[in-house]
Amino acid sequence: LPKLVESGGGSAQAGGWKRLSCEASSYSFSMKCVGWFRQAPGKEREAVAAIYLSWATTYYSDSVKGRFIIARDNEKDAVYLHMNDLKPEDTAMYYCAADWPCAHGSAWSRRDLPKLWGQGTQVTVST
């Protein structure tokens with residue numbers, strides 16, 4: 001079965017950085033979207049960043065724009081989220097998601113569309 005596995009979470013101090021990785025097994029990221037969502041306790045899951053592989057187009061939420069970078073490793077079928085200048089409000093469970101059409105409008109941020117999800121990796125940012 002297709003599977004996504006996240007890694008790289010953990011604790012960081014405000015202003016620090018983390019790099020999350022998402023690797024696929026039995027699945028190729030190929031032509032559709034791959035991205036990251038996050039969910040903090042008591043809050044809804046929200047989109048963080050996505051990359052539309054066909055056009056190498058990236059999308060970011062306003063809260064992370066300029067601090068986070070999503071990137072892909074074509075050879076490994078892996079996607080990374082480089083998180084810089086971390087803030088306490090970045091504390092959340094981060095989920096990798098894949099396989100949804102995201103090239104138009106706000107589709108990249110819709111949590112109801114991805115067909116494949118990872119189990120999540122926790123990121124905790126302290127002051």
Side-chain angles (χ1 to χ4, degrees):
L1 290 175
K3 189 176 178 182
L4 301 178
V5 179
E6 304 99 332
S7 61
S11 299
Q13 290 201 321
W17 63 274
K18 278 282 182 187
R19 188 184 84 155
L20 304 183
S21 300
C22 173
E23 296 195 29
S25 62
S26 303
Y27 181 80
S28 174
F29 288 138
S30 68
M31 307 290 281
K32 294 186 181 178
C33 251
V34 182
W36 293 90
F37 290 71
R38 68 185 181 186
Q39 188 167 18
K43 294 188 177 181
E44 293 185 342
R45 191 171 297 190
E46 62 175 0
V48 176
I51 182 166
Y52 181 51
L53 302 174
S54 296
W55 300 340
T57 302
T58 55
Y59 307 89
Y60 297 95
S61 67
D62 288 342
S63 61
V64 306
K65 198 172 294 182
R67 298 188 298 122
F68 291 10
I69 298 172
I70 187 169
R72 176 193 181 192
D73 184 326
N74 292 337
E75 293 185 2
K76 293 185 177 180
D77 257 338
V79 172
Y80 306 100
L81 185 68
H82 301 268
M83 306 188 296
N84 302 304
D85 189 23
L86 284 165
K87 302 178 180 181
E89 51 264 42
D90 294 320
T91 295
M93 184 72 79
Y94 283 73
Y95 297 92
C96 181
D99 196 3
W100 81 103
C102 68
H104 304 290
S106 62
W108 76 272
S109 63
R110 286 183 55 182
R111 60 181 181 266
D112 61 316
L113 292 182
K115 295 180 181 177
L116 195 58
W117 291 89
Q119 292 298 307
T121 185
Q122 176 69 35
V123 174
T124 303
V125 183
S126 58
T127 56

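Given the structure is predicted, the values throughout are model-derived calculations rather than measurements.
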Do Phe68 and Val125 belong together in a cluster built from hydrophobic side chains that touch within less than 4.5 Å? yes
When you measure from the side chain of Glu6 to the backbone N and O of Cys96, does any donor-acceptor pair fall under 3.5 Å? yes
For Phe37 against Ser109, the heavy-atom pair lying closest together: CE2-O, 3.8 Å
Any side-chain heavy-atom pair from Trp36 and Val79 closer than 4.5 angstrom? yes
Of Lys18, Met83, Gln39, the residue whose pairing with Tyr94 passes side chain to side chain contact (heavy atoms under 4.5 Å, CB included): Met83
Which heavy atom of Ala40 sits nearest a heavy atom of Ala92, and at what distance? N-CB, 3.9 Å
Side-chain (Tyr80) to main-chain (Ile69) donor-acceptor, under 3.5 angstrom: no
Nearest heavy-atom contact between Pro2 and Tyr27 is CB-CB, 3.8 Å
Scanning both residues in full, the closest heavy-atom pair of Met93 with Gly120 reads SD-C, 3.7 Å
Please say yes or no: joined through hydrophobic side-chain contacts below 4.5 Å, possibly via intermediate residues, are Tyr95 and Tyr60 part of one cluster? no
Donor-acceptor contact present, side-chain Thr58 to main-chain Ile51, <3.5 Å: no
With the side chain counted from C-beta on, respond yes when Arg38 and Val64 share a heavy-atom pair under 4.5 Å apart, and no when they do not. yes
Which value, rounded to the nearest 0.5 Å, describes the distance between Cys22 atom SG and Asp73 atom CG? 12.0 Å
Might you confirm whether atom CD of Glu89 has over 12 heavy atoms from other residues, nucleotides or ligands at distances under 6.0 Å? yes
Answer whether the closest heavy-atom distance between the side chains of Leu116 and Lys3 falls below 4.5 Å. no
Does the Lys NZ or Arg CZ of Arg72 fall within the cation-pi geometry relative to Phe29 - under 6.0 Å from the ring centre and within 45° of the axis? no
With side chain to side chain contact (heavy atoms under 4.5 Å, CB included) as the criterion, how do Leu86 and Gln13 come out once you've worked through the C-alpha distance, each side chain's angles and the decisive distance to 0.1 Å? CA-CA 7 Å; Leu86 284 165; Gln13 290 201 321; over 6 Å; no
Residues which pass ring pair (Phe, Tyr, Trp, His ring centres under 6.0 Å) with Trp108, listed by chain and number, not counting sequence neighbours: Tyr59
Just verifying a value: how many Å separate Glu23 CD and Ser7 OG, rounded to the nearest 0.5 Å? 6.5 Å
Asp62 vs Lys65, salt bridge (Lys or Arg N to Asp or Glu O under 4.0 Å): CA-CA, chis, key distance, verdict: CA-CA 5 Å; Asp62 288 342; Lys65 198 172 294 182; 3.4 Å; yes
Closest non-hydrogen atom pair between Thr127 and Pro88, with its separation: CG2-CG, 3.4 Å
Mind jotting down which residue pairs meet the disulfide bond (SG atoms under 2.5 Å apart) criterion with at least one end in residues 98-127? Sequence neighbours excluded, please. Cys33-Cys102
Neighbour count >12 (heavy atoms, 6.0 Å) for atom CD, Gln122: yes
Restricting to non-hydrogen atoms, name the atom on Ala24 and the atom on Leu4 that form the minimum distance, rounded to 0.1 Å. CB-CD2, 3.9 Å
